[in-house]
Participant: 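This structure is in structure tokens; I'll ask about it shortly.
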Amino acid sequence: NSTTTTSGSSASSGPFTTSVARSLVESGSSSLREVVSRFAAEFGVTFMPHATKQHMGKPIYMLGQYQLVIDRSTAFLLEEGKWIPIDIDDIRDLVELQSY
């Protein structure tokens with residue numbers, strides 16, 4: 001059993017794309033929270049749990065200016081007072097847009 005350290009590089013030799021992220025989540029190699037954290041770090045966007053807020057017993061994360069709840073492999077975005085499901089592609093787009 002070997003120990004591997006990740007320093008911002010993905011297990012694949014290519015860039016950390018949404019298809020790579022989706023594969024990692026679907027295979028159980030990474031959690032959706034880990035994938036969102038990696039996207040945020042890649043683009044310099046803040047991703048952290050809100051100190052006191054929860055939704056349905058799950059922590060609310062601040063992803064830049066957006067609020068996000070992660071329930072296993074599904075994420076929900078607070079939009080106009082409603083929690084809507086959001087996929088990996090849209091999460092990455094939100095992160096990338098906030099980096100400009």
Side-chain angles (χ1 to χ4, degrees):
N1 193 1
S2 64
T3 305
T4 307
T5 337
T6 56
S7 56
S9 63
S10 67
S12 70
S13 58
F16 190 64
T17 62
T18 54
S19 60
V20 169
R22 189 174 293 104
S23 294
L24 289 171
V25 171
E26 288 173 357
S27 71
S29 298
S30 291
S31 69
L32 182 55
R33 188 199 59 75
E34 291 168 334
V35 165
V36 173
S37 178
R38 176 127 179 227
F39 284 149
E42 183 177 310
F43 288 98
V45 173
T46 302
F47 177 66
M48 60 185 213
H50 192 285
T52 58
K53 290 187 179 181
Q54 288 192 340
H55 177 70
M56 295 177 57
K58 304 286 182 194
I60 295 176
Y61 290 92
M62 297 306 300
L63 179 61
Q65 65 185 10
Y66 296 97
Q67 293 183 52
L68 196 70
V69 170
I70 299 172
D71 184 15
R72 295 187 180 107
S73 62
T74 305
F76 298 89
L77 177 72
L78 183 61
E79 190 170 85
E80 298 180 9
K82 295 181 181 175
W83 291 100
I84 58 165
I86 183 169
D87 68 18
I88 288 177
D89 297 298
D90 291 335
I91 291 170
R92 189 175 193 285
D93 290 345
L94 275 180
V95 170
E96 190 172 0
L97 285 172
Q98 293 182 85
S99 69
Y100 295 112

Participant: If I compare all heavy atoms of Ser99 with all of Val45, which pair ends up nearest, and what's the gap?
Facilitator: N-CG2, 4.1 Å
Participant: Quick one: are Leu24 and Phe16 in side-chain contact, heavy atoms under 4.5 Å?
Facilitator: yes
Participant: Is the closest side-chain heavy-atom distance between Phe76 and Lys58 below 4.5 Å?
Facilitator: no
Participant: Rounded to the nearest 0.5 Å, what's the gap from CG on Leu63 to CG on Leu78? Could you check?
Facilitator: 12.5 Å
Participant: Is any side-chain heavy atom of Arg92 less than 4.5 Å from a side-chain heavy atom of Phe43?
Facilitator: yes
Participant: Can you get from Met62 to Val69 by hopping between Ile, Leu, Val, Met, Phe, Trp and Tyr side chains that sit under 4.5 Å apart?
Facilitator: no
Participant: So, Ser23 side chain and Ser19 main chain: donor-acceptor pair closer than 3.5 Å or not?
Facilitator: yes
Participant: Within a strict 4.5 Å, meaning less than it, do heavy atoms of the Arg22 and Asp89 side chains meet?
Facilitator: yes
Participant: Does Leu32 reach the side chain of Ile88, with side-chain heavy atoms less than 4.5 Å apart?
Facilitator: yes
Participant: Can you tell me how far the CD1 atom of Ile84 sits from the CD atom of Glu79, to the nearest 0.5 Å?
Facilitator: 4.0 Å
Participant: Compare every heavy atom of Ala21 with every heavy atom of Phe39, then report the nearest pair and how far apart it is.
Facilitator: CZ-CB, 3.7 Å
Participant: Examine distances only and state if a side-chain atom of Glu42 and a backbone atom of Val95 form a donor-acceptor pair shorter than 3.5 Å.
Facilitator: no
Participant: What is the distance from atom CH2 of Trp83 to atom CE of Met56, rounded to the nearest 0.5 Å?
Facilitator: 11.0 Å
Participant: Does a side-chain heavy-atom distance below 4.5 Å link Asp90 with Leu77?
Facilitator: no
Participant: Of all heavy-atom pairs between Ala40 and Phe47, which one has the smallest distance, and what is that distance?
Facilitator: CB-CB, 3.6 Å
Participant: To the nearest 0.5 Å, tell me how far Leu94 CG sits from Leu68 CG.
Facilitator: 8.5 Å
Participant: Which heavy atom in Gln67 sits nearest to a heavy atom in Ile60, and how many Å separate them?
Facilitator: OE1-CG2, 3.5 Å
Participant: Do you know which two heavy atoms are closest between Ala75 and Ile91, and how far apart they sit?
Facilitator: CB-CD1, 3.7 Å
